[in-house]
Amino acid sequence: MGFIRVLPIESTAMPESSSDLDLSHPSPRPGAGSKGWRYAPAAFVKALLLAFVVCAVQAAEGPGHAAIASAHPLATRAGFEVLDQGGNAFDAAVAVSAALAVVEPQGSGLGGGGFWLLRRAEDGKTVILDGRETAPLTAGPDMYRDARPGASLDGPLAAGIPGLPAALVHLAEHFGRLPLEKSLAPAIRHAETGFAVGERYAVAVKPRVAALQGSPAASAIFLDHYAAPRAGFLLVQKDLAETLRRIAREGRAGFYGGSTAQRLVQGVRAGGGIWQGADLERYSVMERFPLRGRYRGISISSAAPPSSGGTVLLEALNILSGYDLARLDGAARKHLVIEAERRAYRDRDLYLGDPAFVRMPLGRLLSPAYAAGLRSSIRLDRALPSAALGAVAPSRQGDNTTHFSIVDKDGNLVAATLSVNNAFGSGFVPAGTGVLLNDEMDDFATAPGQPNSYGLVGGAANAIAPGKRMLSSMTPTFLETPERVAVLGTPGGSRIISMVLLAVLDFAEGHGPESWVSVGRFHHQYLPDAVEYEPDGLSREDIRGLEKLGHTLQKVPYRYGDMQAVQWDKRGNRLSAASDPRGEGWAEVK
Ligand code: GLY
């Protein structure tokens, strides 16, 4: 099966939602804007046209050099290796995705999926390549009700049908210039000869030792004599190298057919899973229209459902566009960001799911009128308890995901967020494949209709159904003004969206990638009704101010996220890139 191009329907082809209204100032009268244009001085119009032409020429020409930021130095180098051979950003995206699958197995892999936001410079085509996993064809809403505890997290019953291999083949065939043999070569080399794992691997593997021990193939690869390896451990993945070679030779059939498919299905079924050959044969990637919005002159493109990322991001920005944040002190500003998140995350839980299965009111959720309604429920002097908005079952997502960002010399753009869900996914490797399977089934509402740990019932939009894609929070994003383009994203489960939101607000203040990836982080997701913050995420004054407004604050005992970002500043045609200081990533401009 090939791929499906999703046509403009209500949920994927939005008019740009206007977030530019600044309701803290007098609103212009209807018609005032067009009158202003008619009487604009000629010199001003000429200058504007000239600026537009200069930017258009530069955009058409591209920056002349390339930038890559990824979560691992070997993955960033794999991207440049492929660019050096004449590849474009999309070939580099294949190389980086495959290399991350090898060198950061706790975050993503061939056994997982993701979302690649793409902009092709030559024709401006902008799409989300949706390689999200699907539920097996024999899956159903009650499949975990009588299963052993943890069955949606560990072992093969937790695994959705992988989308990452199909997405790599699609990228190479429809957007790239190089054959897969070339773009997969660096990943194959690292899998074959091995590499020394870093501290992040050593930390991430500890809580997953028991899950990995449940799979003989996984523990032979990822553990050191059945125990958690330390940093420096040489991770060699011969079977994975062989699977990558089959994909390089045969394309899609190298994973979804033949001996790989046979071993995947056999292994999953022997371990108690429910995959069949038809699940793999029928898997399709999708090209979707990204969601688009505007915030204070910035055009935003981001992930459409089945990721909730773009919807929640744009809804929160629409709410915030009614305030002049720059004029507020730290606590007042953060209070508004938190209140916007509370409302946007609630709608995520209430409405969002796979567009092939659920009709979503996206046009309404992203409309200025809806944002104005939500804004009118925000008090500047007091936090609103989430319960007052009405009860909806909340969901949280596994946070071992990864992100990379690429701009090539021609101005092609890629922002890709990839995942196996929790660290090392399900911890299960079907024998002879080297493919570590995801545990994305846990991103579904696994017990819809049942009260969850908050005593709330819900989750119908994201209930399990055969072939359905589970709701995600991945938020690969482009930000554009006439002068600047930003390509960014991060791992972090449900916190992904609030991290990208903080980066957008930082971009709006004129800061660059070093700043976006470094800003202190805080997060509210409707329920639990608490503001989570990193050790340096809030100042003492912020904490005092937010507590006075009635917020419950919870310090997270670690710094979270691993943002990877590139900026193309068209004014001097300059590229800059940054990797999150919290991680081990590598950003480079060449
Ligand atoms: N599994 C993490 C996400 O999809 O957001």
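We count ligands from 1, going down the list as the structure has it; atoms in each ligand are counted the same way.
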Are any of the N/O atoms in S472 less than 3.5 Å from those in ligand 1? yes
Per atom 2 (C) of ligand 1, closest listed option by heavy atom (N422, L471, D443, N438): D443
Electrostatic pair D580-R582, nearest N-O below 4.0 angstrom: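 A salt bridge links D580 with R582.
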When you check the gap from the basic side-chain N to the acidic O, do R132 and E440 get nearer than 4.0 Å? yes
Could you check whether any heavy atom of S419 sits closer than 4.0 Å to an atom of ligand 1, since that is the contact criterion I want to use?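 Contact present.
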If we only consider heavy atoms of R132, is any one of them less than 4.0 Å away from an atom in ligand 1?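 Yes, R132 has heavy atoms under 4.0 Å from ligand 1.
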Strictly by modelled atom types, are S515 and D506 linked by a side-chain donor-acceptor pair under 3.5 Å? yes
Measuring from atom OH of Y201 to atom CD of E104, what distance do you get when rounded to the nearest 0.5 angstrom? 11.5 Å
Would you give the length of the straight line joining atom CG of D439 to atom CG of N421, rounded to the nearest 0.5 angstrom? 4.5 Å
Examine the proximity of ligand 1 to E440 and report which part, side chain or backbone, both or neither, has a heavy atom under 4.0 Å away.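 The part of E440 near ligand 1 is the side chain, not the backbone.
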Only heavy atoms of N421, strictly under 4.0 Å: list the atoms of ligand 1 that pass.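 That gives atoms 1 (N), 2 (C) of ligand 1.
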If the cut-off is 4.0 Å to any non-hydrogen atom of S473, which atoms of ligand 1 fall inside it? 3 (C), 4 (O), 5 (O)
Checking the side chain of R469 only, and the main-chain atoms of D130 only, is there a donor and an acceptor separated by less than 3.5 Å? yes
